[in-house]
Amino acid sequence: MHYSHEEIRRRVKALQGTSGISFNQVKLNADTADGKWFGIFTPEEIQKLPTRFDYQPAHNEIARRQLYRSKYSIDQNGEILSGKENADVSKSFYFLDGGFLMGEETGKPLHINGSWLVLSKDVIGNDGNIQVNRVSQDGATAGSSIRI
């Protein structure tokens, strides 16, 4: 699915309005794609993270997160195990309170041509702007961020 810059701007702008939706309700911090686990965490968060995969947002407005990735495995109960103990961190930007933008239809991170939209903030707290970056599986950002 293709989203224009204007559509992304409109959706994220709703987060700053009176829609009743908070920033943490539209972002998730882990995903799987192409046999790999991906997470946007700090080193401290990844250490505390359970091994079992879960679509949950991380809550820490001062966290400067980066994209981690590893191969995942499936245990005897069919549960996905992240492989976080062998995860490598990409050379991606740091994302202040960052996470993958969640799709309304699926409740999972949006995938756009092998990449994600990553939401972050430009300042700590509720003031400032929400930023949107398109981030590939190797951590590269495509183009410049959009400030909303």
Side-chain angles (χ1 to χ4, degrees), residues 1-16 19-74 79-84 86-126 128-148:
M1 182 173 288
H2 176 71
Y3 291 97
S4 69
H5 283 288
E6 192 53 41
E7 175 65 12
I8 294 165
R9 189 181 311 277
R10 186 186 64 73
R11 287 178 179 224
V12 175
K13 191 82 167 163
L15 296 175
Q16 295 173 322
S19 65
I21 299 172
S22 75
F23 180 73
N24 283 322
Q25 290 176 308
V26 297
K27 69 179 180 73
L28 299 167
N29 286 79
D31 195 16
T32 59
D34 301 328
K36 295 180 184 146
W37 170 87
F38 297 89
I40 297 179
F41 295 101
T42 66
E44 295 80 17
E45 288 172 333
I46 204 164
Q47 288 293 322
K48 295 178 183 177
L49 191 68
T51 302
R52 189 175 63 91
F53 173 75
D54 196 2
Y55 284 112
Q56 293 293 321
H59 300 283
N60 183 347
E61 68 180 16
I62 64 170
R64 291 174 41 92
R65 300 185 177 112
Q66 285 184 286
L67 179 68
Y68 285 82
R69 59 185 175 233
S70 68
K71 289 188 177 187
Y72 69 78
S73 61
I74 299 176
E79 298 282 335
I80 295 175
L81 304 177
S82 67
K84 69 173 186 124
N86 296 316
D88 66 318
V89 66
S90 70
K91 304 263 190 260
S92 69
F93 290 125
Y94 286 93
F95 303 104
L96 179 61
D97 198 13
F100 301 114
L101 177 62
M102 180 175 60
E104 288 178 295
E105 299 82 19
T106 65
K108 297 177 182 177
L110 287 175
H111 289 234
I112 300 174
N113 297 327
S115 61
W116 299 272
L117 295 179
V118 174
L119 297 180
S120 61
K121 298 205 174 170
D122 66 347
V123 297
I124 295 171
N126 293 327
N129 296 307
I130 294 172
Q131 298 182 100
V132 181
N133 284 281
R134 185 171 170 183
V135 179
S136 67
Q137 291 183 8
D138 65 0
T141 55
S144 59
S145 67
I146 302 170
R147 287 185 155 188
I148 309 293

Ignoring hydrogens and geometry, is there a side-chain-to-backbone donor-acceptor pair from [X] to [Y] under 3.5 Å?
{"X": "Lys84", "Y": "Ile46", "value": "yes"}
{"X": "Ser70", "Y": "Ser82", "value": "yes"}
{"X": "Thr141", "Y": "Asn133", "value": "no"}
{"X": "Arg65", "Y": "Gly99", "value": "no"}
{"X": "Asn129", "Y": "Asp122", "value": "no"}

Item to complete: Check side-chain contact (heavy atoms from CB on, under 4.5 Å) between Glu79 and all other residues, then give those that pass, not counting sequence neighbours.
Response: Arg52, Asp75, Asn77
I'd like a table of donor-acceptor pairs (distance under 3.5 Å, sequence neighbours excluded) in which one partner is a side-chain atom from residues 28-38, with atom names and distances.
| residue | atom | partner | partner atom | Å |
| --- | --- | --- | --- | --- |
| Asn29 | OD1 | Ala58 | N | 2.8 |
| Asn29 | ND2 | Ile40 | O | 2.8 |
| Asn29 | ND2 | Gly98 | O | 2.9 |
| Asp31 | OD1 | Tyr55 | OH | 3.4 |
| Asp31 | OD2 | His111 | NE2 | 2.5 |
| Asp31 | OD2 | Trp116 | NE1 | 2.8 |
| Asp34 | OD2 | Gln137 | NE2 | 3.0 |

Quick one: pull up [atom1] in [X] and [atom2] in [Y] and give me the separation to the nearest 0.5 Å.
{"X": "Lys108", "Y": "Phe100", "atom1": "NZ", "atom2": "CZ", "answer": "14.0 Å"}
{"X": "Met102", "Y": "Lys27", "atom1": "CE", "atom2": "NZ", "answer": "10.5 Å"}
{"X": "Leu81", "Y": "Phe53", "atom1": "CG", "atom2": "CZ", "answer": "11.5 Å"}
{"X": "Leu110", "Y": "Leu117", "atom1": "CG", "atom2": "CG", "answer": "6.0 Å"}
{"X": "Asn86", "Y": "Asp88", "atom1": "CG", "atom2": "CG", "answer": "9.5 Å"}
{"X": "Thr42", "Y": "Lys48", "atom1": "OG1", "atom2": "NZ", "answer": "8.0 Å"}

Worksheet item: So with a 6.0 Å cut-off around CD1 of Ile62, is the heavy-atom count from everything else above 12?
Response: no
Worksheet item: Can Leu119 and Val26 be said to form a side-chain contact (heavy atoms from CB on, under 4.5 Å), step by step?
Response: CA-CA 9 Å; Leu119 297 180; Val26 297; 3.7 Å; yes
Discussion item. Please give me the minimum heavy-atom distance between Asn60 and Asp97, naming the atom from each residue.
Written reply: O-OD1, 3.3 Å
Item to complete: Check whether any side-chain heavy atom of Leu67 sits under 4.5 Å from a side-chain heavy atom of Val135, and report yes or no.
Response: yes
Practice prompt. Could you check if a side-chain atom of Leu96 sits within less than 4.5 angstrom of a side-chain atom of Gln131, using non-hydrogen atoms only?
Written response: no
